[in-house]
There are 2 protein chains.
Amino acid sequence: MIDQYMLRYFLAVAELGSFGRAARSVSVTQPTLSAGIAKLERELGARLFDRDRQGVSLTPAGSRFLVRARRIAAEYEQALSEIQAVPEPRLLRVGVLGTIPTRAVEAILERHGASGADEVLELLDGGERELAERLERGRIDVALTVIRPHHARFHPEVLARERYMMVLPPEHPLAGEAQVPAEQLAQDRMALRRHCEALPEINRFFTQRGVRPRFVLKTTSDARVLAIVRAGAGIGMMPEGFADGTVRFVPVRDFELARDVGLLFASDAQVAVGRTSPFIALVRAHYRKA
Amino acid sequence: MIDQYMLRYFLAVAELGSFGRAARSVSVTQPTLSAGIAKLERELGARLFDRDRQGVSLTPAGSRFLVRARRIAAEYEQALSEIQAVPEPRLLRVGVLGTIPTRAVEAILERHGASGADEVLELLDGGERELAERLERGRIDVALTVIRPHHARFHPEVLARERYMMVLPPEHPLAGEAQVPAEQLAQDRMALRRHCEALPEINRFFTQRGVRPRFVLKTTSDARVLAIVRAGAGIGMMPEGFADGTVRFVPVRDFELARDVGLLFASDAQVAVGRTSPFIALVRAHYRKA
DNA sequence: GGTCGATCATAGACGCTGTCTATGGAAAGC
DNA sequence: GCTTTCCATAGACAGCGTCTATGATCGACC
């Protein structure tokens with residue numbers, strides 16, 4: 001069985017001349033890609049690449065196979081675009097992760113309305129698992145959410161990497177720092193976002209450093225967290241995407257956790273739709289700017 | 001992701017006009033095939049078949065896709081045959097299941113030698129698991145063994161279905177019957193093949209009928225079982241492939257257990273080799289005759 | 001010449017998904 | 001009616017593609 005993923009890996013390596021770079025370009029780890037190429041070579045019964053230092057190069061057999069592989073990939077593309085010749089009435093069902101800043105969604109929707117596109121939207125809020133399930137069942141066409149490794153089947157498109165940062169009121173003594181050590185936050189009281197996907201890791205990080213902050217609020221409302229911080233009643237921990245100028249976002253030293261925000265598509269067909277949808281274009285534009 | 005298996009299912013349904021028949025032709029169950037087509041239709045965002053009574057038929061979108069699907073399948077074929085243009089020195093490493101009758105292997109090897117083919121063979125005996133593992137690692141090219149559902153990845157090719165039958169000496173009172181009920185064998189003494197892959201099921205069958213035969217021999221040698229039977233010292237239970245004219249093979253009533261004997265290939269490449277190898281041609285011929 | 005960095009291969013664990021068996025529902029035939 | 005013949009659905013299992021962690025090998029650089 002020569003599965004599609006092997007062709008993808010092969011084309012990437014042939015183009016980039018390196019297993020590592022190819023792995024990054026197809027969003028898998030290097031061992032995964034090595035295994036994929038190894039399996040392809042076993043299936044074909046021929047070595048496709050010469051592994052030298054300073055880059056891998058195609059063997060003669062590899063060159064011949066490259067021609068075929070390109071053609072197969074092209075046929076897949078054509079089959080897809082051909083069958084979606086009639087794009088149907090433009091209804092796009094969009095799942096939006098609850099922890100995507102409301103402000104961002106609002107701004108995109110506003111522009112979408114102003115653009116006068118005849119695209120009808122159905123928006124649906126939900127958690128990570130809920131959105132994945134609805135994508136799976138074809139109940140939504142696309143989701144704006146956090147991208148995880150096991151989302152590979154949904155044709156993930158990462159739009160932005162958002163670090164988790166400390167949220168401080170502008171008048172906080174550390175608000176001007178480039179970064180703050182966890183220990184200096186022991187006195188502050190925290191607004192705790194109970195719905196945060198990174199909550200367990202954040203807790204672990206602080207307890208490992210012996211810091212056990214008191215909380216002033218437990219909530220599932222991001223707006224309320226920002227309100228508390230603005231009022232100077234506490235501090236918070238949020239993805240930088242929530243930055244809005246009224247509060248200060250400061251990285252915590254040695255805390256590298258981030259989330260990848262992006263699009264997931266229900267199917268190949270929806271990926272194709274995504275290339276023409278005005279709404280999705282606006283989503284991309286929003287994150288390119290930010 | 002439009003994986004290869006979906007294309008295989010689609011082409012089968014398009015050709016045969018029925019999910020059930022298509023499922024049989026690609027060796028999966030009907031629900032599996034239904035799920036595959038459903039997924040393909042989701043991925044493409046279009047219905048490919050109209051499900052009516054008296055047969056399914058292609059939708060317009062399905063017809064268009066059929067053209068592409070055929071082309072992709074053809075490209076796969078060409079890529080494979082092209083890369084194996086140079087077949088290398090003809091060394092074929094063959095794994096043979098221990099419970100394949102020695103007589104059969106012997107006959108095939110004899111004919112192979114007589115044919116004067118310049119194909120060098122390496123034979124290796126082993127159990128089911130051992131052979132599968134060696135195929136997996138590419139240590140053997142092909143295996144003649146029992147085919148199981150989970151061997152799908154080895155491109156299985158079933159050559160014969162062998163029922164398990166009672167082996168009786170020609171002078172046994174039941175040797176002439178078309179079939180014998182288990183209960184009438186309670187008095188006989190059995191030669192028990194300890195290496196038999198079906199031993200647990202055979203035991204279960206007899207004990208469920210309250211028959212608990214005494215054994216006269218426990219062995220891992222099929223030749224010795226046949227010797228015991230020939231000598232009239234006991235009876236045995238073996239796949240019908242062992243029939244050789246010196247003993248009688250009689251089906252046991254209500255005992256339907258059978259094994260599928262056939263070929264497994266290490267990879268796509270070896271399937272291609274299998275199309276030209278004289279040895280494999282002889283194996284196929286042997287089972288077609290029998 | 002050791003140490004570091006870069007690159008591809010290997011080992012073990014995890015979890016998605018394609019497969020199975022068992023069952024449901026709906027149309028056609030007797 | 002009852003049976004037969006389709007395809008669809010539900011739940012369970014297991015294979016394999018993926019990950020992290022580690023090893024092996026070579027070149028570069030004081």
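Proteins get letters first, then strands, A, B, ... in listed order; numbering begins at 1 in each. What you see is a predicted model, and the numbers here were worked out from it, not measured in a lab.
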Those residues that, when tested against [X], pass salt bridge (charged side-chain N to carboxylate O under 4.0 Å, His left out) (two or more places apart):
X	result
A:R139	none
B:R148	B:E128
B:E130	B:R134

Could you tell me if the ring centre of A:F154 sits under 6.0 Å from that of A:F265?
no

Which pairs, with at least one residue in residues 68-81 of chain B and sequence neighbours excluded, count as a salt bridge (charged side-chain N to carboxylate O under 4.0 Å, His left out)?
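Residue pairs passing salt bridge (charged side-chain N to carboxylate O under 4.0 Å, His left out), neighbours aside: A:R68-B:E75, A:R71-B:E75, A:E75-B:R68, A:E75-B:R71, A:E82-B:R68.
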
For residues 3-30 of chain A, pull every pair meeting salt bridge (charged side-chain N to carboxylate O under 4.0 Å, His left out), keeping only residues two or more places apart or in separate chains.
none

Send over the distance from [X] [atom1] to [N] [atom2], rounded to a whole Å.
X	N	atom1	atom2	answer
A:L33	D:dT18	CG	P	9 Å
B:L16	D:dC7	CG	C1'	16 Å
B:D3	D:dC16	CG	P	14 Å
B:H150	C:dG18	NE2	C1'	15 Å
A:M6	D:dG17	CE	C1'	10 Å
B:Y9	C:dC20	OH	C1'	11 Å
A:M1	D:dG17	CE	P	11 Å
A:L135	C:dC16	CG	C1'	15 Å

Report yes if at least one side-chain N or O of B:R153 is closer than 4.0 Å to OP1 or OP2 of D:dC16; otherwise report no.
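For D:dC16, OP1/OP2 do have a side-chain N/O of B:R153 under 4.0 Å.
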
Answer yes or no: does a side-chain N or O of A:T29 lie under 4.0 Å from OP1 or OP2 of D:dC19?
yes

Heavy-atom protein contacts under 4.0 Å, nucleotides 7-12 of chain C, coded B base, S sugar-phosphate only, - none:
BBBB--

